[in-house]
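Just so you know, these numbers come straight off a predicted model, no measurement behind them.
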Amino acid sequence: MDYLGPVPARLVLYLPHRPEGLVSFAHAPSAQAVIAANSNHWRKIVTLLAKVACPVAEDWRSFRDDHLFAQTALCFSPTLKTGGGWHWVAGQANLQRFTSLDQDARGLPEDGDIAVDCARRVLLSPYPDYRQLSNQRVSLIRDVLAQAGFYDGLGC
């Protein structure tokens, strides 16, 4: 199983590894199920996904708990899914798995470790861990996505 969430999703986070118990909660994905079946590491991942994807930054907790897998997905294969959403490839080692990735992402002036290709809706960032993806970096990502219209018309 290489995917968890709706097809298509507004934002797909690509990661190199799967959470434990993926098959057991794939039919009804929820952040709580992912967290309960796994370590603190996965709590950080779904929390950072919620912080980026939530239409209202301050409401990320309720978004994570109630709406995360209605609008976002996790993908574990190194190929971008087709559809109209954004593709978030997290981590340098993960990016190297995408041998046929057609993108022209440019590093942000404020932080060159975050790059965006708005035309192809590709976001490249450090791995979603609090040490690598700080609140400041999440704010930068949210600003770029907001400028690209990602949050327009979204509601929980």
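Linking Ile, Leu, Val, Met, Phe, Trp and Tyr whenever their side-chain heavy atoms come within less than 4.5 Å leaves L4 and V23 in two separate clusters. Follow the hydrophobic side-chain contacts under 4.5 Å out from I35 and you reach V52 in the same cluster. Note on L11: it does not cluster hydrophobically with L101, by side-chain heavy-atom contacts below 4.5 Å among ILVMFWY residues.
With C54 as the fixed residue, the side chain to side chain contact (heavy atoms under 4.5 Å, CB included) test singles out one of D59, L49, T72, L68: D59.
Side chain of R18 to backbone of D2: no donor-acceptor contact under 3.5 angstrom is found. A donor-acceptor contact shorter than 3.5 Å is absent between the side chain of E110 and the backbone of L140. In this structure, the side chain of R43 does not engage the main chain of V34 through any donor-acceptor pair within 3.5 Å. Here the side chain of R10 pairs a donor or acceptor atom with the backbone of F150 at under 3.5 angstrom. Panel note: side chain R137, backbone Q132; a donor-acceptor pair is recorded below 3.5 Å.
Qualifying side chain to side chain contact (heavy atoms under 4.5 Å, CB included) partners for A57, counting only residues two or more places apart in sequence or in other chains: R142. Taking A73 as the reference, Y3, P6, A9, V12 meet the side chain to side chain contact (heavy atoms under 4.5 Å, CB included) condition, with sequence neighbours excluded. Partners of A36 by side chain to side chain contact (heavy atoms under 4.5 Å, CB included), not counting sequence neighbours: none found. Shown here are the side chain to side chain contact (heavy atoms under 4.5 Å, CB included) partners of Q96, two or more places apart in sequence or in another chain: Q92.
In this structure, the separation between OG on S134 and CG on D111 is 7.5 Å, given to the nearest 0.5 Å. In this structure, I45 CD1 and L13 CG are separated by 7.5 Å, a value rounded to the nearest 0.5 Å. Distance check, rounded to the nearest 0.5 Å: CD1 of I141 to CG of L108 gives 8.0 Å. Interatomic distance, C118 SG to Q147 CD, rounded to the nearest 0.5 Å: 8.0 Å. Note: L133 CG to T47 OG1 = 12.0 Å, rounded to the nearest 0.5 Å. Atom-to-atom distance recorded for C75:SG and W88:CH2 is 14.5 Å, nearest 0.5 angstrom.
Among pairs with a residue in residues 105-146, those fulfilling ring-ring contact (aromatic ring centres under 6.0 Å, His included) read H17-Y127, H41-Y127, at least two apart in sequence or across chains.
Shown here for P55 and Y151, the closest heavy-atom pair between the two residues is CA-CD2, 3.8 Å. What you find for K51 and N135 is that their closest heavy atoms are NZ-OD1, 3.0 Å. Of all the heavy atoms in F69 and G5, the pair that sits closest is CD2-CA, 4.2 Å. L15 and R97 make their closest contact through O-NH2, 3.3 Å (heavy atoms, listed as atom of the first residue, atom of the second, distance).
Within a 6.0 Å sphere centred on CD of E20, other residues, nucleotides and ligands contribute 12 heavy atoms or fewer.
Counting heavy atoms from C-beta outward, F76 and P19 have side chains that approach closer than 4.5 Å. Contact annotation: the side chain of V116 never approaches that of V122 to less than 4.5 Å [non-hydrogen atoms, C-beta and beyond]. Here the side chains of L124 and D117 are not in contact, with every heavy-atom distance at 4.5 Å or above. At a threshold of 4.5 Å between non-hydrogen side-chain atoms, the residues P126 and I114 count as touching.
Salt bridge annotation for R120-D104: absent, with no cationic side-chain nitrogen under 4.0 angstrom from a carboxylate oxygen.
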Cut-off 3.5 Å, no hydrogens considered: what does the side-chain donor-acceptor table look like for residues 79-87, sequence neighbours left out?
{"unit_1": "H87", "atom_1": "ND1", "unit_2": "Y14", "atom_2": "OH", "d": "2.8"}
{"unit_1": "H87", "atom_1": "NE2", "unit_2": "K81", "atom_2": "O", "d": "3.4"}

